[in-house]
Amino acid sequence: MATQLWSDETAQASPASTYVVVEQARPDAASSHGVSGIVQSAQPMQVGAVTGGRVVQLLVNVGDPVIEGQVLAILDGRIAGFRQAQAESEVRRAAIVATERAAAARRAEALVGSGAMSAAERDAARAEAQAASNALAAARAASGIARAEAEHHVIRAPGSGVISSRSVELGAAVAPGQTLLTIDSRKGGMIMAALPAKLAPTVRPGDRVVYRTDAGEGSARVIGASPRIEAGGVAPVRLAIESGAPLPGTIVGLRFGGQDARGDLVRVPLSALQTSQHGGRFVYTLDPQNRARPVPVQLAEMTGADARVSGRIAPGTRVVAAGAGFLEPGQTVRIAKPGA
């Protein structure tokens with residue numbers, strides 16, 4: 001690929017050994033929605049299991065709206081219930097012992113006063129009463145923990161939003177701390193989309209995008225574009241919503257630029273767009289002698305397989321659609337598809 005935008009006077013003609021695919025620039029037309037995305041919350045809420053157990057009720061699915069405090073799932077709480085009953089029984093036993101030890105300590109005080117008991121025996125009674133009181137406090141704390149654990153078998157929504165993912169099924173055994181569901185808050189702040197491989201390299205952070213929903217349209221800004229092509233020939237891109245308020249889970253149509261047909265724009269194949277070392281965009285056009293000439297362009301929008309651009313290109317201009325990456329300015333080429 002050429003690394004600068006050059007003048008024809010400095011170009012060196014090359015042997016006509018490079019074949020290229022050529023298409024004609026076309027008049028501009030209105031955009032279409034070639035890429036879809038899904039609205040996500042900027043801060044999703046993870047819903048996990050505090051205690052382990054088997055899922056006996058699963059009350060929501062992906063896409064369901066929920067409100068704060070709503071019951072989402074219920075785990076088998078029998079073991080936690082048994083532990084709570086055992087802890088409460090221990091509290092009752094410790095309370096009886098503490099009451100008995102306290103009464104014994106009071107009697108010891110009276111007996112020491114009458115000379116019927118030694119001070120050492122009184123001190124021992126006091127120590128037993130204090131130990132029983134401490135045991136009662138520990139039993140009550142353990143009962144509180146058991147009660148809280150028993151309540152945790154009911155999984156509730158920590159906030160309002162839409163269920164965006166579910167990683168558990170009815171009857172599954174879950175471990176303490178395992179994430180069961182994800183809730184996107186009702187304030188959707190992000191759009192996630194998958195771009196076709198040929199479109200992904202032309203998308204840059206900061207690019208403005210128009211999105212459309214059934215309720216209308218808004219604008220978003222690209223804040224992350226992965227250069228890695230994933231399975232299926234797509235690259236993930238993340239956008240921040242700047243106007244509009246679609247709910248999480250909403251499917252949106254995306255168009256980069258989002259403008260209607262304009263007389264100062266032409267359409268060229270997206271594959272014709274090249275980038276100089278300075279970050280500018282250009283395309284190669286051919287003169288009547290089939291010599292390649294780089295022409296700077298300004299990108300208005302990417303839509304489907306086309307790019308809508310402005311510059312010194314008129315409808316009908318022959319543009320190199322494939323093979324431009326191997327060209328130098330002024331190079332004479334052979335056309336692989338004459339008349340394309």
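Here, residue 1 is the first one in the sequence, and each next residue gets the next number.
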Nearest 0.5 Å please: distance from the [atom1] atom of [X] over to the [atom2] atom of [Y].
X      : Y      : atom1 : atom2 : result
Thr51  : Asp76  : OG1   : CG    : 10.0 Å
Asp264 : Arg308 : CG    : CZ    : 9.0 Å
Arg93  : Leu136 : CZ    : CG    : 10.0 Å
Ile191 : Ile241 : CD1   : CD1   : 4.5 Å
Leu239 : Arg221 : CG    : CZ    : 9.5 Å
Arg293 : Arg291 : CZ    : CZ    : 10.5 Å

Nearest heavy-atom pair of [X] and [Y]: which atoms, and what distance?
X      : Y      : result
Phe282 : Pro294 : CD1-CB, 3.8 Å
Ala193 : Val35  : CB-CG1, 4.2 Å
Ile155 : Gly48  : CD1-O, 4.2 Å
Ala314 : Val266 : C-CG1, 4.2 Å
Ala139 : Val91  : O-CG2, 3.2 Å

Of Leu265, Leu299, Val297, the one forming a side chain to side chain contact (heavy atoms under 4.5 Å, CB included) with Ser310 is Leu265
Determine the sole option in Asp184, Val252, Thr213, Ile251 for which the side chain to side chain contact (heavy atoms under 4.5 Å, CB included) test with Val39 is passed.
Val252
Distance-only, no hydrogens or angles: does the [X] side chain make a donor-acceptor pair with backbone N or O of [Y] under 3.5 Å?
X      : Y      : answer
Ser36  : Gly253 : no
Thr275 : Gly279 : no
Ser160 : Glu68  : yes
Gln178 : Ala175 : yes
Ser167 : Leu180 : yes

Is the closest side-chain heavy-atom distance between [X] and [Y] below 4.5 Å?
X      : Y      : value
Ile163 : Thr182 : no
Val56  : Leu75  : no
Asp306 : Val268 : no
Val20  : Leu327 : yes
Tyr211 : Leu254 : yes
Val222 : Val237 : yes
Val309 : Arg281 : no
Val283 : Val320 : no

side-chain contact (heavy atoms from CB on, under 4.5 Å) between Leu181 and Leu72, worked out:
CA-CA 9 Å; Leu181 303 151; Leu72 308 178; 3.8 Å; yes
Give the C-alpha distance, both sets of side-chain angles, the deciding distance and a yes or no for side-chain contact (heavy atoms from CB on, under 4.5 Å) between Thr179 and Val47.
CA-CA 6 Å; Thr179 298; Val47 182; over 6 Å; no
For residues 115-125, the side-chain hydrogen bond (donor to acceptor under 3.5 Å, both in side chains) pairs (sequence neighbours left out) are Ser118-Glu121
Look at atom CZ of Arg83 and say whether more than 12 heavy atoms of other residues, nucleotides or ligands are closer to it than 6.0 Å.
no
Taking atom CG of Asp214 as the centre, does the number of heavy atoms from other residues, nucleotides or ligands within less than 6.0 Å exceed 12?
no
List in chain and number order the residues that pass side-chain hydrogen bond (donor to acceptor under 3.5 Å, both in side chains) with Ser243, two or more places apart in sequence or in another chain; answer none if no residue qualifies.
Ser219
How would you list, by chain and number, every residue that makes a side-chain hydrogen bond (donor to acceptor under 3.5 Å, both in side chains) with Arg156, sequence neighbours excluded?
none
For the residue pair Gln331 / Thr18, report whether a side-chain donor-acceptor contact shorter than 3.5 Å exists.
yes
Using residues 95-107 as the side-chain source, report each donor-acceptor pair under 3.5 Å to any protein atom, sequence neighbours left out, with the distance given to one decimal.
| residue | atom | partner | partner atom | Å |
| --- | --- | --- | --- | --- |
| Thr99 | OG1 | Ala95 | O | 2.8 |

Excluding sequence neighbours, so at least two apart, what forms side chain to side chain contact (heavy atoms under 4.5 Å, CB included) with Val234?
Ala194
Between side-chain atoms of residues 58-67 and protein atoms elsewhere (two or more places apart, or another chain), which donor-acceptor pairs fall under 3.5 Å?
| residue | atom | partner | partner atom | Å |
| --- | --- | --- | --- | --- |
| Asp64 | OD2 | Asn61 | N | 2.7 |

Derivation and outcome, side-chain contact (heavy atoms from CB on, under 4.5 Å), residues Arg126 and Glu109:
CA-CA 9 Å; Arg126 286 177 176 176; Glu109 291 287 351; 2.3 Å; yes
Assess the residue pair Ile38 and Thr250 against the criterion (side-chain contact (heavy atoms from CB on, under 4.5 Å)); give the C-alpha distance rounded to whole Å, side-chain angles, the decisive distance to 0.1 Å, and a yes or no.
CA-CA 6 Å; Ile38 184 168; Thr250 302; over 6 Å; no
Taking Glu23 first and then Arg318, would you say they form a salt bridge - that is, a charged N and a carboxylate O separated by under 4.0 Å?
no
Which of these passes side chain to side chain donor-acceptor pair (under 3.5 Å) with Glu88: Gln86, Arg92, Gln84?
Gln84
Could you state whether Ile74 and Val168 fall into the same hydrophobic cluster, counting links through intermediate Ile, Leu, Val, Met, Phe, Trp or Tyr residues with side-chain heavy atoms under 4.5 angstrom apart?
no
